[in-house]
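What follows is a set of notes on a single structure, which appears directly below.
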There are 2 protein chains.
Amino acid sequence: MAMTTLDAATHRAGAGREKVVAAALDLFAERGVSATSLQMIADRLGVTKAAVYYHFKAKRDIVLAVVRPALAELGSVVEDAERERSQAVRTEQLLVGLVDLLIRNRRLYAILEGDLAVAQILATDPLLAPLGERLVDALVGPDPDPGQIVAANLFLAGLKSVGAGGAADIPDAELRGYILDCAHRLLRRRRQPTGRSGPS
Amino acid sequence: MAMTTLDAATHRAGAGREKVVAAALDLFAERGVSATSLQMIADRLGVTKAAVYYHFKAKRDIVLAVVRPALAELGSVVEDAERERSQAVRTEQLLVGLVDLLIRNRRLYAILEGDLAVAQILATDPLLAPLGERLVDALVGPDPDPGQIVAANLFLAGLKSVGAGGAADIPDAELRGYILDCAHRLLRRRRQPTGRSGPS
DNA sequence: GTCTATAGATGGATAGAC
DNA sequence: GTCTATCCATCTATAGAC
């Protein structure tokens with residue numbers, strides 16, 4: 001029974017649904033999630049609110065649909081890195097994957113933590129919620145000093161903002177280099193104040 | 001005729017007004033600006049919406065009142081730095097002032113660009129709007145390479161997030177050191193690809 | 001699959017009594 | 001200076017016709 005190639009995961013996968021997601025992404029990036037109403041999404045598509053509600057039973061689900069694909073990718077990047085044994089390799093692989101992901105969809109990152117409402121929605125999703133913590137952990141390695149945690153958090157928070165608007169005029173390949181440079185500067189090992197000085 | 005010591009600048013400066021600002025700061029930090037209603041602010045104070053409207057004629061004005069003191073301080077920091085002749089001194093002075101400001105009121109920074117609604121409100125204020133640009137300019141100096149602009153933006157964006165929640169358990173003095181370390185790593189001059197290699 | 005219509009709640013904001 | 005009461009707009013969400 002050919003109900004298209006995919007159908008279970010997303011409950012309905014028509015072109016209409018994807019148009020809603022695309023329009024929502026536009027509006028979320030422009031005005032923020034809380035300030036975007038279903039009416040605006042419907043207007044942009046030239047349909048009515050009720051038509052939007054055919055595809056999604058709540059606004060919350062639209063937010064998740066907009067954000068989930070990239071976060072799923074992010075999850076893969078983190079998992080791949082976590083399998084790496086050397087911390088140096090792990091960090092580098094994570095960084096490259098992270099920056100690539102950002103470059104590929106700059107606007108999305110503006111939404112991710114830009115609105116506290118989104119953070120609250122993501123916190124309710126059991127798969128997505130712990131991602132941030134795992135990210136920092138994989139990035140800095142085991143028993144990091146606090147300075148490195150601060151640096152990692154600062155970098156991750158800065159990432160999204162740079163993707164958002166701070167560097168809209170810089171082409172992808174170039175921006176990628178700049179960001180990786182920032183990451184290397186920030187995360188290069190500090191002089192350890194805690195003993196344990198050699199590589200494992 | 002003694003109408004209290006101050007009265008012109010803030011149109012009314014009673015204890016009630018300051019309580020509203022304090023409650024709003026709490027709620028904005030917890031839930032974001034858009035998601036905070038006047039009803040919630042009133043409830044937290046045990047008064048009614050109308051009582052809040054006695055002090056502020058619109059929600060927008062509450063947001064500005066919450067944010068303006070710190071932004072005014074930020075303005076002073078930027079101005080002081082702009083008067084400095086050496087770019088190296090200018091950057092360093094700016095950084096120290098910036099980090100101090102962040103440390104002194106961590107929560108506020110979470111609000112500043114955390115909600116796009118706030119950005120839109122600030123953009124309408126003639127004094128506050130150009131601050132961000134001047135900040136970056138003063139931080140990186142004249143004709144910066146794009147990499148440095150990216151680094152500066154990344155740092156500034158990371159700043160607010162670190163103040164917000166990423167490092168809630170780190171004491172002020174220590175956090176201050178970590179952040180300054182990050183700043184120095186990020187903003188230390190790159191090898192210039194554009195000629196002009198020496199100090200002025 | 002998209003519509004009209006509307007429910008039901010809540011938002012910001014105002015008028016006027018006390 | 002704080003209240004009650006209210007206005008009106010808008011919001012999310014649902015029911016049911018086409």
Side-chain angles (χ1 to χ4, degrees), chain A residues 2-4 6-7 10-24 26-28 30-67 115-118 120-121 124, chain B residues 2-7 10-28 30-67 111 115-118 120-122 124:
Chain A
M3 278 192 67
T4 75
L6 34 74
D7 76 62
T10 43
H11 137 265
R12 262 190 200 88
R17 190 183 166 95
E18 282 175 35
K19 276 187 192 165
V20 170
V21 171
D26 285 348
L27 287 163
F28 289 168
E30 288 168 23
R31 321 180 22 111
V33 173
S34 318
T36 300
S37 69
L38 296 181
Q39 187 68 64
M40 294 173 193
I41 297 175
D43 286 352
R44 176 153 304 200
L45 294 172
V47 300
T48 61
K49 272 190 297 182
V52 174
Y53 269 104
Y54 171 75
H55 298 290
F56 298 91
K57 64 184 252 291
K59 185 182 181 181
R60 182 180 175 284
D61 298 322
I62 301 181
V63 176
L64 283 173
V66 166
V67 149
D115 194 325
L116 286 188
V118 179
Q120 276 162 355
I121 291 176
T124 67
Chain B
M3 279 190 66
T4 76
T5 37
L6 33 74
D7 76 63
T10 41
H11 137 264
R12 262 186 201 90
R17 190 184 167 95
E18 282 173 37
K19 277 185 190 167
V20 170
V21 171
L25 174 56
D26 285 348
L27 287 163
F28 290 168
E30 288 169 22
R31 324 181 20 114
V33 173
S34 319
T36 299
S37 68
L38 296 180
Q39 187 66 66
M40 295 173 193
I41 296 175
D43 286 353
R44 176 154 305 201
L45 294 173
V47 301
T48 61
K49 273 193 292 182
V52 174
Y53 269 103
Y54 171 75
H55 298 289
F56 299 92
K57 62 184 253 289
K59 184 182 181 180
R60 180 181 176 283
D61 298 321
I62 301 180
V63 175
L64 284 173
V66 166
V67 149
I111 301 173
D115 196 324
L116 286 187
V118 179
Q120 277 160 355
I121 291 176
L122 294 187
T124 68

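For the numbers below, each heavy atom of this structure counts, side chains included, while hydrogens, waters and symmetry mates do not. Residue numbers start from 1 in every chain, and the chains themselves are labelled A, B, ... in the order their sequence lines are given, proteins ahead of strands. These numbers come from a predicted model, not from an experiment.
- Spacing between atom CG of A:L45 and atom P of C:dC3 amounts to 10 Å, rounded to whole angstrom units.
- To the nearest angstrom, C1' of D:dC11 lies 9 Å from NZ of A:K59.
- The shortest distance between side-chain heavy atoms of B:D115 and B:F28 does not fall below 4.5 Å.
- The distance between atom NE2 of A:H55 and atom C1' of C:dC3, rounded to the nearest whole Å, is 13 Å.
- Taking atom CZ on A:R17 and atom P on C:dT2, their separation rounds to 13 Å, with Å as the unit.
- A:R31 places its CZ atom 9 Å from the P atom of D:dC11, with the value rounded to the nearest Å.
- Counting non-hydrogen atoms under 4.0 angstrom, B:T36 reaches the backbone sugars and phosphates but no base.
- In this structure, CG of B:L27 is placed 12 Å from P of C:dG11, rounded to the nearest angstrom.
- Each of C:dA13, D:dA13, C:dG11 was ranked by its minimum atom distance to the side chain of A:L38; first place goes to D:dA13.
- Distances shorter than 4.0 Å separate none of the side-chain N or O atoms of A:T48 from OP1 or OP2 on C:dT2.
- Within the nucleic acid shown, B:K57 comes within 4.0 Å of sugar-phosphate atoms alone, with no base atom in reach, counting heavy atoms only.
- Between B:I62 and B:V52 there is a side-chain heavy-atom pair separated by less than 4.5 Å.
- A:Y54 has its OH atom 20 Å from the C1' atom of C:dA5, to the nearest Å.
- In this structure, A:L27 and A:V33 have side chains that are not in contact, with every pair of non-hydrogen atoms separated by 4.5 Å or more.
- For the pair B:Y53 OH and D:dT4 C1', the computed distance is 16 Å after rounding to whole Å.
- Between B:T36 and B:R31, the closest side-chain pair of non-hydrogen atoms falls below 4.5 Å.
- Residue whose closest nucleotide on DNA chain D sits further toward the 5' end, between A:M40 and B:A51: B:A51.
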